[in-house]
Amino acid sequence: QVQLVESGGGSVQAGGSLRLSCAASGSTYNITCMGWFRQAAGKEREGVARIYRIDGRAYYPGSVKGRFTISQDNAKNTVYLQMNSLKPEDTAMYYCAAGPVRCDRDPTYWGQGTQVTVSS
């Protein structure tokens with residue numbers, strides 16, 4: 001089993017920045033990738049970033065590319081999401097996720113989420 005704990009959410013003005021952290025514990029040897037998803041009120045969940053543990057390859061959708069950066073510290077089993085130039089459209093609950101498979105769509109392990117609110 002893997003446990004994920006997020007931190008770093010909060011409220012910021014448009015154009016501001018936040019840095020989210022996600023610490024994994026438990027059977028972390030089974031993790032292939034870690035990533036971040038978000039879900040805004042009334043909208044479907046979407047992936048915003050993922051990173052592969054071994055080679056550090058990172059992927060982003062067009063909505064956040066150039067503004068968000070995912071990184072990892074494998075020694076600490078921790079992944080980060082640096083969010084710059086935040087927009088009101090980024091307001092959502094952000095969830096850390098990890099898994100041995102399906103890291104792009106539906107990872108096995110999920111954190112409880114951290115709220116990000118961006119005001120105009």
Side-chain angles (χ1 to χ4, degrees):
Q1 287 72 34
V2 172
Q3 296 79 45
L4 304 174
V5 180
E6 303 103 327
S7 62
S11 299
V12 297
Q13 293 282 93
S17 298
L18 284 173
R19 185 175 186 246
L20 307 183
S21 298
C22 174
S25 61
S27 301
T28 58
Y29 65 86
N30 202 36
I31 294 174
T32 297
C33 78
M34 297 181 70
W36 294 89
F37 292 74
R38 68 185 181 187
Q39 188 165 27
K43 295 189 175 182
E44 63 185 4
R45 185 183 67 196
E46 63 174 340
V48 297
R50 68 183 191 272
I51 188 166
Y52 289 85
R53 195 172 188 178
I54 294 177
D55 63 10
R57 295 279 187 175
Y59 300 86
Y60 310 89
S63 58
V64 308
K65 194 172 185 177
R67 300 188 298 119
F68 290 11
T69 303
I70 189 169
S71 60
Q72 63 186 350
D73 183 339
N74 288 334
K76 296 181 179 179
N77 291 307
T78 299
V79 66
Y80 306 93
L81 185 67
Q82 179 67 45
M83 304 185 293
N84 297 327
S85 301
L86 283 162
K87 304 174 181 180
E89 305 90 85
D90 296 318
T91 296
M93 184 71 75
Y94 283 70
Y95 298 91
C96 180
V101 294
R102 298 175 65 85
C103 294
D104 58 333
R105 295 179 58 208
D106 189 19
T108 302
Y109 308 107
W110 293 85
Q112 293 185 11
T114 184
Q115 178 68 38
V116 171
T117 302
V118 184
S119 59
S120 59

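Considering only heavy atoms from C-beta on, Tyr59 stays 4.5 Å or farther from Ile70 through its side chain.
One hydrophobic cluster holds both Leu81 and Leu18 under the rule that ILVMFWY side chains link at heavy-atom gaps under 4.5 Å.
Counting all heavy atoms, side chain and backbone alike, Ala92 lies closest to Arg38 at CB-CB, 3.8 Å. Closest approach of Leu4 to Ala24, counting heavy atoms only: CD2-CB, 3.5 Å. Contact record, Ala14 with Pro88: CB-CD, 4.1 Å, taken as the closest heavy-atom pair. The minimum heavy-atom distance linking Val118 with Lys87 is given by the pair CB-O, 3.3 Å. For the pair Trp36 and Ser21, the tightest heavy-atom approach, listed with the atom from each and the gap, is CH2-O, 3.6 Å. Annotation for Gln72 and Gly56: closest pair NE2-CA, 3.7 Å, computed over non-hydrogen atoms.
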Checklist entry - Does the pair Ser63 and Glu46 meet the rule for a side-chain contact (heavy atoms from CB on, under 4.5 Å), with working shown? => result CA-CA 10 Å; Ser63 58; Glu46 63 174 340; 4.2 Å; yes
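Under a 3.5 Å cut-off, the side chain of Asp90 and the backbone N or O of Val116 do not form any donor-acceptor pair. Without hydrogens or angle criteria, Thr78 side chain to Ala23 main chain gives no donor-acceptor distance under 3.5 Å. At distances below 3.5 Å, at least one donor-acceptor pair connects side-chain atoms of Arg67 with backbone N or O atoms of Ser85.
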Pairs of donor and acceptor atoms involving the side chains of residues 104-113, under 3.5 Å and at least two apart or interchain, shall be tabulated with distances.
from, atom 1, to, atom 2, distance (Å)
Trp110, NE1, Pro107, O, 2.9

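Once rounded to the nearest 0.5 Å, the distance linking CZ of Arg45 with OH of Tyr95 reads 9.5 Å. The CZ atom of Arg50 sits 11.0 Å away from the OH atom of Tyr60 when rounded to the nearest 0.5 Å. Note: Arg19 CZ to Thr69 OG1 = 11.0 Å, rounded to the nearest 0.5 Å. One distance of note links CG of Leu20 with CD of Gln82; it measures 9.0 Å at 0.5 Å rounding. Here the CG atom belonging to Leu86 is positioned 5.5 Å from the CZ atom belonging to Phe68, to the nearest 0.5 angstrom. To the nearest 0.5 Å, atoms CE (Met34) and OG1 (Thr28) are separated by 9.0 Å.
Under the side-chain contact (heavy atoms from CB on, under 4.5 Å) criterion, Gln115 pairs with Thr91, Met93, Thr117, not counting sequence neighbours.
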